[in-house]
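Step one of this worksheet: look at the structure below.
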Amino acid sequence: MAQKIQILVDGRTVEAAPGAPLLELLQSRGCEIPTLCHHPDLAPAGSCRLCVVEIEARGKRRLVASCTAKVRDGMSVSTASEPVLAHRRRIAAMHLGRWPRVPVIQEIARRCGVVDASAYRGTMTDENPRACVLCTRCVRACEEFVQQRILDFAGRGARRHMTMAYGDVDPHCIGCTSCAYVCPTGAIQVVDDLNHPHDPVMIRDHGMKVNAEMARLDPQQCRMRQVGTANIIDVMDQYDLLPCHNFKFGSHPDAKKIYSAVFRDQYLTQGEDDGCWKGCSMACAKAAEDFELKTGPYAGRKVLVDGPEYENAGACANMGCFDPWFALEWNFYCDTYGVDTISFGTCMAFVMEAFEAGVITEAQTGGKKLRFGAMLETLECLHEMARGEGFGVDVGQGIRWLKEKWVREYGADPAFLQDIGMEVKGLEVSEYVAKESVAQQAGYSMAVKGPQHDEAWLIFMDMVNNQIPSFEDKAEALYYFPLWRTWFGLMGLCKLLWNDVVPVDNKTYPPQQAAKVPDHVRNYFKFFEGMTGIPLDDEKMLAQSARVHNLQRIMSYRCGRGTREHDLPPYRMMGPVTAEEYESRAERYDKQLREILGVDPAGKPVEEKIRLLRAHREAQYVRVLETAYERRGWTRNGVPRISRLKELGIDLPEITAIVRDAQD
Amino acid sequence: MLTINDRDRIEWRPGMTVRDVLDAMGYTYALITVTVDGELVEEDDYDHRAVPDGAALNVFHLAHGG
Ligand code: SF4
Ligand code: SF4
Ligand code: FES
């Protein structure tokens, strides 16, 4: 963006960014500018013309609406010249003559110095104090906030009025109340009180903040409305975090073929409201319509495919299948068969690596050559799984089961399979490369249900920002974030409105706080308070969550998966297992050997370098794990301490009985 | 020499701007905040804000997704 320029405002020199909205600049300088159709959260419409100013550029003077005007080099603005004041007075008088009892109009007239509007009174005069003043805000909010087009104007001249289609109540209205929120006169009233919340206005006002951010900020931030979470594909590839070929690499030259723009431009329907939660202004649930299937029982049929969601596309990269067609076809059938895309994708990536390494051959796969990138063969495995036949049935059992079978029946090397089989607690790992973030390795491996990132996603904080450098910092993040994220689940609230759009002034917080997006945490607390009447803060939220989180861990312990040995990741999550993998990022690993371990890598065989790096990384992991256990109030073996259960008020006898023998 | 996020080091060149540093680091992310020697730099200024030799930059990436 270009450097600041200077313009003249009422004869004074003012610095501004070229292209900045003129009205905002003038208001920030305290200029008196009446507005009616303008709303700070909506795109400018320029329809009421109350905000006119006089602009002189290249020797010409004109009256322009300041809400739609942009700052231009060499411009001179008069906000109170006689033509400006006369123009405003005339418009304000016309409004007052027509709507004499509407308070905002009275206020505007007062500010414009209108004392007598009798010239404009007549048959059109409406004495309703809550009359619609045709400002267009509601029409724009309906479209911009929630991508609906329920409201519009009908009739001409004096008969012009705001309405729903055919002058009837439109059943497609989702009742989001955005229109009522922006209406300056109260012409639109909220009459419903569904669920009887304690304070509907509190919920509404905080929800509208989210709507406004989605309308104004999302296009420059995450583009959730255009592509949903698929925007992360590009980011992950560029930061070496996109799992490619069973998590061997974090990026791939072919990944561009499945970047989000490809889906947006070629497949995904744009500008529609959300299919996940009708009325959600983020509308990240995307869909490809009229997608013609090529395989399986519905081959040749045109269908609607949900997604791709990031994990779904990430799993494609993991299987080396860099093709948007494949991503959609495979996603459709996973959904149709009720198969989890992460589990299947990660499991298939493991199968592919095992196939390429010769652990299994075509003799075991039913003749399928399951190399990375084998798209049709992968789909065939999925169809077999659904039909309950062939090798697909084995794939459906998951990585842990396959490892055991291959060791038992084919004499495979258990250590190699343990290293490359990306599962913890029997669940397949989701689609992020965690090699350079020990906090994320712990976030994954300590997650109670298995290596899902929905307890903690710490890669950027840890690996990129270096924001949580000490073991204590990492443990603190592994305390706070899993509890905060558990809280979303407890409340049944979506997490995406927390940090997939961010207020502009989030930058003013120091990084440790900024990572929590404090203003958005507050939104959620207000949703809770507006619903229940109970005020919430960080401490109370953490306590609510910690009760559940500790109970979950105790359940997991009772099921035999809640101790330290079940919180250890396969080495592929932590670092390079094979020489190919080490060599592919040799510069990074060699540098770490030199700078962190003080070892000169020159001339060392790659196996030795892998071994040295591995010893270091495994030791780091154990320290993080132990520090995090301590922070959570768990024993060295990862079992909740009874003292912690007491503190949380959940030391019921039937619960303490489960963990009593496991205390240290 | 410049230090990024208390850890990474890159060579300083005369006339280097914040944008040059971001490019050199491969930082393409949308939700980032940059400080140079503790002072916040607005996004509008990335292209022309010069970075002095020896400066410490913080490039904070806000997580999203998942
Ligand atoms: S309630 Fe929402 S969907 Fe219905 S008309 Fe108003 S803004 Fe549009
Ligand atoms: S109903 Fe309200 S928001 Fe809509 S045009 Fe009329 S005054 Fe403006
Ligand atoms: S506020 Fe600018 S035209 Fe209405």
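All figures in this text were calculated on a predicted structure; none of them were measured in a lab. Labels below follow one simple rule: chain letters A, B, ... track the order of the sequence lines, proteins then strands, and each chain is numbered from 1. Note: hydrogens, waters and symmetry copies are ignored here, and every other heavy atom, side chains too, is used.
For a residue to count as touching a neighbouring chain, one of its non-hydrogen atoms must lie under 4.5 Å from one of that chain's; by this rule Leu62(B) touches chain A with backbone and side chain alike. Using a 4.5 Å cut-off between heavy atoms, Val502(A) contacts chain B through its side chain alone, with no backbone atom that close. If you measure heavy-atom distances from Ile4(B) to chain A, you find no contacts under 4.5 Å at all. Contacts between Gln467(A) and chain B at a heavy-atom distance below 4.5 Å involve the side chain alone, from C-beta outward. Of the atoms belonging to Val517(A), it is side-chain heavy atoms, and not backbone ones, that fall under 4.5 Å from chain B. Neither the backbone nor the side chain of Asp240(A) comes within contact range of chain B; no heavy atom of the residue lies under 4.5 Å from a heavy atom of that chain. Only the side chain of Asn231(A) has a heavy atom closer than 4.5 Å to any heavy atom of chain B. Residue Tyr46(B) touches chain A through its side chain alone, counting heavy-atom pairs closer than 4.5 Å.
Here the side chains of Asn506(A) and Leu31(B) are not in contact, with every heavy-atom distance at 4.5 Å or above. Residues Met573(A) and Lys435(A) fail the side-chain proximity criterion, which asks for heavy atoms closer than 4.5 Å. Residues Met25(B) and Asp8(B) meet the side-chain proximity criterion, which asks for heavy atoms closer than 4.5 Å.
The heavy-atom pair separating Val433(A) from Gly250(A) by the smallest distance is CG2-CA, 4.1 Å.
In this structure, Lys516(A) forms a cation-pi arrangement with Tyr480(A), its terminal cationic atom sitting closer than 6.0 Å to the ring centre and no more than 45° off the ring axis.
Considering only heavy-atom pairs separated by less than 4.5 Å from chain B, the leading option among Arg223(A), Gln220(A), Gln221(A) is Gln221(A). No other option in Ser430(A), Cys222(A), Cys284(A) has as many heavy-atom pairs under 4.5 Å with chain B as Cys222(A).
Only one option out of Glu431(A), Gln440(A), Glu311(A) pairs with His453(A) in a side chain to side chain donor-acceptor pair (under 3.5 Å); it is Glu311(A).
Side chain to side chain, Thr17(B) and Arg49(B) fail the donor-acceptor criterion of an N or O pair below 3.5 Å.
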